[in-house]
Amino acid sequence: MIHFFTRKNLIINKQDILGKTALMYAVEYGLKETVEVLLAKGAKAFSIKDFSTSDRYPKGMCAYDYAQGNVELQALMWKRQAEDRESVR
């Protein structure tokens, strides 16, 4: 399903009414393959902040913050961040 949406050139970093992106939801639910696809398509792990308020997560978190305790997903996001920085040089 994620491949369908990413092929359609949808805005990958679009936020919903709660301020969450597809990457935030994928990370929150531990969907590793979805996280990989979204990152490869340009999803931002660090720069977009949500504005939701919930008992589980505080306001102003980025996708990386949702990976609390999931070292594998955190590593994926740091790797993508490093690759993006390297490509700019």
Side-chain angles (χ1 to χ4, degrees):
M1 184 77 149
I2 191 67
H3 293 288
F4 170 78
F5 289 111
T6 56
R7 265 196 310 249
K8 294 294 182 185
N9 294 324
L10 298 176
I11 301 170
I12 203 80
N13 293 304
K14 178 111 172 101
Q15 293 174 278
D16 68 8
I17 194 165
L18 297 175
K20 290 185 175 182
T21 64
L23 181 60
M24 289 175 184
Y25 284 109
V27 169
E28 183 176 2
Y29 292 104
L31 305 174
K32 181 185 174 202
E33 292 177 15
T34 303
V35 169
E36 289 173 332
V37 169
L38 290 168
L39 289 171
K41 296 291 184 177
K44 302 296 181 198
F46 297 95
S47 60
I48 298 175
K49 306 285 185 186
D50 74 21
F51 49 84
S52 64
T53 54
S54 71
D55 295 334
R56 186 170 176 196
Y57 298 108
K59 187 175 184 174
M61 290 178 58
C62 64
Y64 180 83
D65 296 326
Y66 281 93
Q68 298 170 10
N70 191 327
V71 177
E72 188 175 23
L73 291 182
Q74 288 175 329
L76 282 173
M77 288 183 271
W78 275 116
K79 180 182 177 197
R80 175 55 65 179
Q81 178 84 349
E83 291 169 353
D84 288 349
R85 286 185 178 167
E86 193 62 33
S87 68
V88 172
R89 292 182 182 189

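- Neither Val35 nor Val71 shares a network with the other; the hydrophobic side chains, linked directly or stepwise wherever heavy atoms of I, L, V, M, F, W or Y lie under 4.5 Å apart, form separate groups for each.
- Proximity of Gln81 to Tyr64: side-chain heavy atoms (C-beta onward) are nowhere separated by under 4.5 Å.
- Met61 contributes atom CE, which lies 8.5 Å from atom CD of Glu28 (distance to the nearest 0.5 angstrom).
- The aromatic rings of Phe46 and Trp78 lie tilted to each other, with the angle between the two planes from 30° to 60°.
- A distance of 13.5 Å separates CG in Asn13 from NZ in Lys41, rounded to the nearest 0.5 Å.
- A distance of 8.5 Å separates CG of Leu73 from CD of Glu36, quoted to the nearest 0.5 Å.
- The shortest heavy-atom contact between Tyr25 and Asp16 is OH-OD2, 2.5 Å.
- Note that CG of Leu23 and CD1 of Ile12 are 8.5 Å apart. Values are rounded to the nearest 0.5 Å.
- Contact check for Thr34 versus Tyr29: no side-chain heavy atoms found under the 4.5 Å cut-off.
- Looking at every heavy atom in both residues, Met24 comes nearest to Lys20 through SD-CA, 3.5 Å.
- You'll find the side chain of Met77 reaches within 4.5 Å of the side chain of Leu39, heavy atoms only.
- The residue from Lys14, Gln15, Lys44 that alone fulfils the side-chain contact (heavy atoms from CB on, under 4.5 Å) condition with Thr21 is Gln15.
- Of the inter-residue distances, the one linking Leu38 atom CG with Leu76 atom CG reads 11.5 Å to the nearest 0.5 angstrom.
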